[in-house]
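Just so we're on the same page: letters track the sequence lines, and every chain starts at 1. Side chains are part of it too, since the values below use all heavy atoms of this structure and drop only hydrogens, waters and symmetry mates.
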Amino acid sequence: MRCFLCGAAVLKVDEHWDKSLAELMAEAGLRALEDSNLSTVDHVFVSNVYGERLQEQANLGTFLAEELGLKNVVATRVEAGGVSGLAALYSAATVVRSGLSKAAMVVGVEKMSDGTLEESISLMTMEERQEYIGSFGVSQLAEAALLYKEYMRRYKVGAESIAYFSVLSHENSSRCSHAQYQFKLSLESVMNSPMIAEPIHRLEATAPADGAAAIIVVSDDLAEKLDRTNCTLTGLGFSNDLPVAFDREDPLAMEAVSTAGRRALEMAGVSRSEVDFLELHESYSVMSPLMLEALGFTERGQACVKAEKGVFGLSGELPINTFGGLKGRGHPVGASGVYAVAEAFLQLVGEASKNQVAKAERGMVVSMAGLGAYAGAAVLEAVR
Amino acid sequence: MKPLTSRPPFYWRLRPFIYRLEGSRCSVCGHFHPLNRVVCRRCGSRTLERERLNNAGRLVNYTVVHQAQEGFEKTTPYLVGWVEMDDGTNLVGQLTDCDPQDLKVGMTIEMVVRKLRVDGDSNLIVYGVKFRPLVQR
Amino acid sequence: MPKIRNAAIHGYGVYIPMFRIKGAELAKVWGKNASDLPVKEKAVAGLDEDTVTMAVEASKYALKRAGVDASSISAVHVGTESKPYAVKPSGTLVAEILGTSRKTTSADLEFACKAGTEAVQFITALVEAGRIDYGLAIGADTAQGRPGDALEYTAASGAAALVIGPAKNDCVAKFDYSVSFVTDTPDFWRRSYERYPVHASRFTGEPAYFHHTISAVNTILSENGYSVNDIDYFVFHQPNVKFPLAVAKVLSIPTSKVVPGLVADMVGNTYAACSMVALAKILDIASPGQRILATSYGSGAGSDSFVLTVCDGILEKRNRAPTYTELLSRRKEIDYSTYLKYRDKIRM
């Protein structure tokens, strides 16, 4: 699957009241293009989940091309819930590797500030089965709370240990200029924030946000010609599971995440111990330990213990969510996966500034739709 | 934009499951699916039979939800339970007629049909499954 | 009216929502004397309950007692004055939720508090005529009283359902006889598009409740050649506790035959469900061979009166579902502001 990433852009995750969905994706796309020293691309892929609902806008690929003044390009939108960003990357990598494309742009965009808070809870629940989850008045948030409780019960882990992952995310987002929340959180403030679905506190979940990020994917020969440090995409893996966690044999197993991660590593020929940093999809604090364990980076039930020992900090053995992840950097859903890939790019080309992971050679990005309904993983490596 | 869930035909199609817990049971592996299925999602068999789940089960876990989704703003806080029905099928749904202090993990629960929500635009009442502690005999 | 030869109760079910508001709490809000209240407390439907959901709960218990599968039911008649929809039947919703036969006759009946027993009249007739095997007669209401009105102390929520089928040995009770007695008497009404009913104060008593109830009872007793002594239990509609006891006094019925069927003191007036809930309470305790006389009253106005004989099936069937007392013990007291929220009385 080897192909190259030669440019990236990340807009600040924020409430961009004055910018439209089109403006956000155009700004990210243009900045990524400039970053890559390319003048144009032949494919554009837009990763977006809620455009139809919040902006009543479909056909986003064409609108991005229009905004960028691109003519005669292949333009499409990709949607796979929370995996949309990696699914768009997969599309780009596939067309580049197959020779159909020389240079492809992936833009992730979401504009959630057009909706209410209640709407955002409903929108998240669109990843679940509407017929018997949404319609029963159960939200994804409520399901996540049930998994959280089950995790605490099964592994005898206290809520503080899980909530600590929010502290960890903010530790990194506090120094990240494109993060939604550029401040640190104490464990005390997380635990004192109001419950939104017991045992999940408000500061253990993401907030609605606007954002756009972009990356440029090019072929080997074009990468060589460009005067731009790049990184390689060496592995991609995806896997599906029964969409509703409670329909699975073990709702905590996250088998799609396990399989997607394993496949990406196998394709890259990289072992877990060679991964220098990891970008997770912690839509709720408890998703960090669940994903770490599903991916095999820690034993089941051990992630919190390791976190408290500092393993996952920026200078730890395996830094996670190096720019703050979904919690700290922010979770503009369709854009989140592209943010994570762009952030991995910044780490691997040494442009991560205050968030730089020392000697970052290999990074892994893992996304999931729903609570493990679908998962994607990408392995990216520095070019030395 | 009008949410899907306020469209009358959407709920109308769901009646067998959200009124009566009717679905499809795989004749090969025994897995139960809400509503109609042509292929068993667990074993891939294509032999499924219509079945109505027993009304009772046990409470596996529950949560108190304070942040509502759309259409449920007036009923917060509400309880959501994870229940294992008598046949082993796991379901999640709202819990009613109880407070958190009335609940114990493992307790017997029964399915009831209640007003789930009232659609804001059309004023259509959506009825469907909730669970509650079994009314003792 | 002719004798009923072949219709019987095979199962009965009651539903009382778990929320209660005390008369004293209402009296406190409106500055009334708490020692002079028509009932002690009343049942209040929760936020997610209405006539349909309560009718379903009572029907499920009735089907359980009857041992009859829902698919054998081919008539569902719901008597109520609090239909969730002005236009759209409650009966079809109840039938669909229960999973009755598609070949079901169904309608919502309105006759104030007599609507539930009117459903009983319909279903017994359908069974006796051989038109159906089993049918459900339901009385259910989430009765509304205007805040501050005298009705607010008693207007309560509840439901009762009877599975009625042919007379067999294993049934709960056989219907022996029925009468209906109606006149045009404007004692209580609610016009279309209005939220709360209006009542004619003391006019609801003597010319309304008492005249129709007593006329119906006297008619059914005389047409059968019965005296009060031939009846073991008397069941009445109960807008409050005083009225049925006053009827007993007029007809020289010993209170011991009336008190077991009193429900209003603890449940309130559940309107179309009221006399049926009271009948169910008697079925919880009656013995085979005992005779019950049940009389409803609906404003507008009229009474249905039935003579029933308890059968052997009662002994086993009554234990298949929660009794009146068991449902009554499921109780959560609420204050007036919660009551306003639950009954949708806060309107912006």
Side-chain angles (χ1 to χ4, degrees), chain A residues 50 52-57 114-126 128-154 194-202 205 207 240-251, chain B residues 1-5 10-11 13-14 16-18 21 23 31-36 41-42 59-84 88-96 100 105 111 114-117 126-131:
Chain A
Y50 305 128
E52 291 111 332
R53 282 290 298 272
L54 289 174
Q55 286 78 34
E56 296 186 30
Q57 188 65 68
D114 282 350
T116 62
L117 187 59
E118 285 78 13
E119 257 179 291
S120 78
I121 303 280
S122 291
L123 291 172
M124 297 286 196
T125 308
M126 280 168 61
E128 305 299 314
R129 189 95 181 185
Q130 284 294 359
E131 282 106 327
Y132 59 91
I133 298 292
S135 70
F136 278 9
V138 176
S139 59
Q140 187 184 75
L141 169 67
E143 292 181 284
L146 293 171
L147 296 186
Y148 193 131
K149 273 194 148 176
E150 175 65 9
Y151 186 89
M152 295 200 320
R153 187 198 64 81
R154 192 181 299 180
M195 285 288 185
I196 52 172
E198 174 267 334
I200 302 179
H201 297 86
R202 182 175 292 158
N240 71 307
D241 200 343
L242 297 189
V244 177
F246 306 93
D247 289 335
R248 302 173 202 148
E249 299 267 7
D250 178 4
Chain B
M1 187 181 282
K2 194 174 182 176
L4 173 74
T5 46
F10 175 85
Y11 276 104
R13 282 192 295 275
L14 303 184
F17 187 69
I18 72 172
L21 296 181
H31 182 70
F32 178 85
H33 311 69
L35 300 159
N36 285 330
R41 62 185 170 191
R42 196 157 270 178
L59 185 67
V60 179
N61 221 327
Y62 63 91
T63 176
V64 188
V65 177
H66 298 273
Q67 179 61 67
Q69 72 245 59
E70 251 183 315
F72 295 89
E73 297 89 341
K74 286 183 183 166
T75 53
T76 53
Y78 55 82
L79 285 155
V80 167
W82 169 4
V83 301
E84 184 187 2
T89 296
N90 285 276
L91 297 174
V92 284
Q94 290 195 12
L95 298 167
T96 190
V105 165
M111 174 272 235
R114 291 292 172 92
K115 267 162 58 174
L116 288 171
R117 54 184 276 269
V126 178
Y127 294 92
V129 167
K130 290 192 182 187
F131 301 97

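Between the side chain of Glu70(B) and the main chain of Ser122(A), no donor-acceptor pair closer than 3.5 Å is present.
Taking the six-membered ring where the residue is Trp, the centroids of Phe131(B) and Phe136(A) are separated by 6.0 Å or more.
Between atom CD1 of residue Ile121(A) and atom CD of residue Gln67(B) there is a gap of 4.5 Å, rounded to the nearest 0.5 Å. A distance of 12.5 Å separates CZ of Phe72(B) from CD of Glu118(A), quoted to the nearest 0.5 Å. The structure places CG of Leu147(A) at 10.5 Å from OG1 of Thr63(B), a figure rounded to the nearest 0.5 Å. We find the CZ-CD distance between Phe10(B) and Glu131(A) to be 5.0 Å, quoted to the nearest 0.5 Å. One distance of note links CD of Gln69(B) with CD of Gln140(A); it measures 11.0 Å at 0.5 Å rounding.
With a 4.5 angstrom heavy-atom cutoff, His31(B) touches chain A only via side-chain atoms. Looking at Ile18(B), the atoms closer than 4.5 Å to chain A (heavy atoms on both sides) sit in the backbone and in the side chain alike. If you measure heavy-atom distances from Leu242(A) to chain B, the contacts under 4.5 Å come from the side chain alone. Of the two parts of Tyr78(B), only the side chain, counted from C-beta on, holds a non-hydrogen atom closer than 4.5 Å to a non-hydrogen atom of chain A. Contacts of Arg129(A) with chain B are made by side-chain atoms alone, with heavy-atom separations under 4.5 Å and no backbone atom involved. In this structure, the portion of Pro251(A) lying under 4.5 Å from any heavy atom of chain B is its side chain and not its backbone. In this structure, the portion of Ile133(A) lying under 4.5 Å from any heavy atom of chain B is its side chain and not its backbone.
Side-chain contact between Lys149(A) and Trp82(B) is absent, with no heavy-atom pair separated by less than 4.5 Å.
Note: Glu249(A) leads Glu249(A), Glu143(A), Arg202(A), Arg153(A) in heavy-atom pairs under 4.5 Å with chain B. Taking Glu73(B), Glu84(B), Arg42(B) one by one and counting their heavy-atom pairs under 4.5 Å with chain A, the maximum is reached by Arg42(B). Interface check for chain A: of the options Thr75(B), Val80(B), Leu91(B), the most heavy-atom pairs under 4.5 Å are formed by Val80(B).
Of all heavy-atom pairs spanning Gly81(B) and Leu146(A), the tightest one is C-CD1, 4.3 Å.
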